[in-house]
There are 2 protein chains.
Amino acid sequence: MVTGYSSDTMDTKSERAYGKEVVAQYNVYLKGCPARLVFDRLADKWSLLIVGILRREPRRFNQLRREIDGISQKALSQTLQKLERDGLVNRNAFPTVPVTVEYSLTDLGKTLSELIEPLVSWAENHIEQVLRSQHRYDEQRTE
Amino acid sequence: MVTGYSSDTMDTKSERAYGKEVVAQYNVYLKGCPARLVFDRLADKWSLLIVGILRREPRRFNQLRREIDGISQKALSQTLQKLERDGLVNRNAFPTVPVTVEYSLTDLGKTLSELIEPLVSWAENHIEQVLRSQHRYDEQRTE
DNA sequence: CAGAATCCGTGAGGATACTG
DNA sequence: CAGTATCCTCACGGATTCTG
């Protein structure tokens, strides 16, 4: 049961070759495809950062809030719910006073986090090259 | 020249350990850090999809438009400009009639695309697991 | 073909206040 | 501590039109 999701242009693209193999199943480049929805979730800075930071060890809510500089508690709360719904993150509430809630990666989430860590490293390692390129680009426009 | 970018909470976090090694340089988890800006660019669905699709071979503008289902030409145009500014994508215009413009990855862009391909695969391979998790989650709420 | 320019709606996200 | 509930805005992106 692979077909069936709605896409207005699907008929022309559902069997487009990806590389050399034909991936008929799911394709992130198709508008209506579920894989695209998942990909959109990945392409969210808060999701990526949260999964990336949970990679090491579980965290509590306000701990995440502090460690991910700039995130609002609303965004954090919403993103965590989405991630839990997607099965990427576990939410464990301990009946202490006051309540303690711990977030951790599921097995599925761990497989994803493996891919995110390189992205984090890439950003940190290639930032200077990017900045130089931006300067060059901007100067050519103003001259 | 690593310090100097503005972050209201930098003083407390600029030397936070990432894993076991201290990454004092750049840190995507810091609000004002340039690496965060780059990371935000990565965490953009169109950027990821474009870089992912350019991985195979260069494409022309309307080719990209057709292959990336659902993108508007405005979004495509703007994203391509950002990617060019960041030094990830080359823009080559050939003086044909009408003009032909070809987009390709730079060397830097290629290093990034290596990391994106696994993300695409992950989305396509784990989508069913994610969908099942979503159903379970939703049913628990409605019961 | 490959865009630039304009108008416009909407919804994601910040700020703030409140709760168990 | 770990959230929920409102309000509000503003910027991103879609639709449309025009151009070299």
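Residue numbers begin at 1 in each chain, while the letters A, B, ... track the order of the sequences. Computed from a predicted structure; not experimentally measured. FYI, side chains are in, hydrogens and waters are out, and symmetry mates aren't considered; it's all heavy atoms of this structure.
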Please determine whether a side-chain nitrogen or oxygen atom of [X] lies at a distance below 4.0 Å from atom OP1 or OP2 of [N].
{"X": "B:Thr100", "N": "C:dA2", "result": "no"}
{"X": "B:Arg65", "N": "C:dA2", "result": "no"}
{"X": "B:Thr96", "N": "C:dC1", "result": "no"}
{"X": "B:Gln81", "N": "C:dA4", "result": "yes"}
{"X": "B:Arg91", "N": "C:dA2", "result": "no"}
{"X": "A:Gln78", "N": "D:dT4", "result": "no"}

Of all the choices, [options], which nucleotide is nearest to the side chain of [X] once you look at every atom?
{"X": "B:Asn62", "options": "C:dA15, C:dA2, D:dG3", "answer": "C:dA2"}
{"X": "A:Val99", "options": "D:dG14, D:dG3, D:dC1", "answer": "D:dC1"}
{"X": "A:Phe61", "options": "D:dC1, C:dG14, D:dG3", "answer": "D:dG3"}
{"X": "B:Lys74", "options": "D:dA15, C:dT16, C:dC1", "answer": "D:dA15"}
{"X": "B:Ser72", "options": "D:dT16, D:dG14, C:dG13", "answer": "D:dG14"}
{"X": "A:Arg60", "options": "D:dT16, C:dC1, D:dC1", "answer": "D:dC1"}

Given atom [atom1] of [X] and atom [atom2] of [N], what is their separation to the nearest angstrom?
{"X": "A:Lys45", "N": "D:dA11", "atom1": "NZ", "atom2": "P", "result": "13 Å"}
{"X": "A:Gln73", "N": "C:dT16", "atom1": "CD", "atom2": "P", "result": "11 Å"}
{"X": "B:Asn92", "N": "C:dC1", "atom1": "CG", "atom2": "P", "result": "19 Å"}
{"X": "A:Trp46", "N": "C:dG13", "atom1": "CH2", "atom2": "C1'", "result": "10 Å"}
{"X": "A:Asp40", "N": "C:dA12", "atom1": "CG", "atom2": "C1'", "result": "14 Å"}
{"X": "B:Ile71", "N": "D:dG13", "atom1": "CD1", "atom2": "P", "result": "9 Å"}
{"X": "A:Leu76", "N": "C:dG13", "atom1": "CG", "atom2": "P", "result": "12 Å"}
{"X": "A:Phe94", "N": "D:dG3", "atom1": "CZ", "atom2": "P", "result": "12 Å"}

Carboxylate-amine/guanidinium contact A:Arg60 A:Glu67, below 4.0 Å = no
Any side-chain heavy atom of A:Leu119 within less than 4.5 Å of one from B:Leu119?
-> yes
Is any side-chain heavy atom of A:Leu49 closer than 4.5 Å to a side-chain heavy atom of B:Phe39?
-> yes
Scan A:Tyr103 against the nucleic acid and name what it touches under 4.0 Å (heavy atoms): base, sugar-phosphate only, or nothing.
-> sugar-phosphate
Measure the [atom1]-[atom2] distance between [X] and [Y] for me, rounded to the nearest 0.5 Å.
{"X": "B:Leu105", "Y": "B:Leu112", "atom1": "CG", "atom2": "CG", "result": "8.5 Å"}
{"X": "A:Arg41", "Y": "A:Leu88", "atom1": "CZ", "atom2": "CG", "result": "8.5 Å"}
{"X": "B:Leu80", "Y": "B:Asn90", "atom1": "CG", "atom2": "CG", "result": "11.5 Å"}

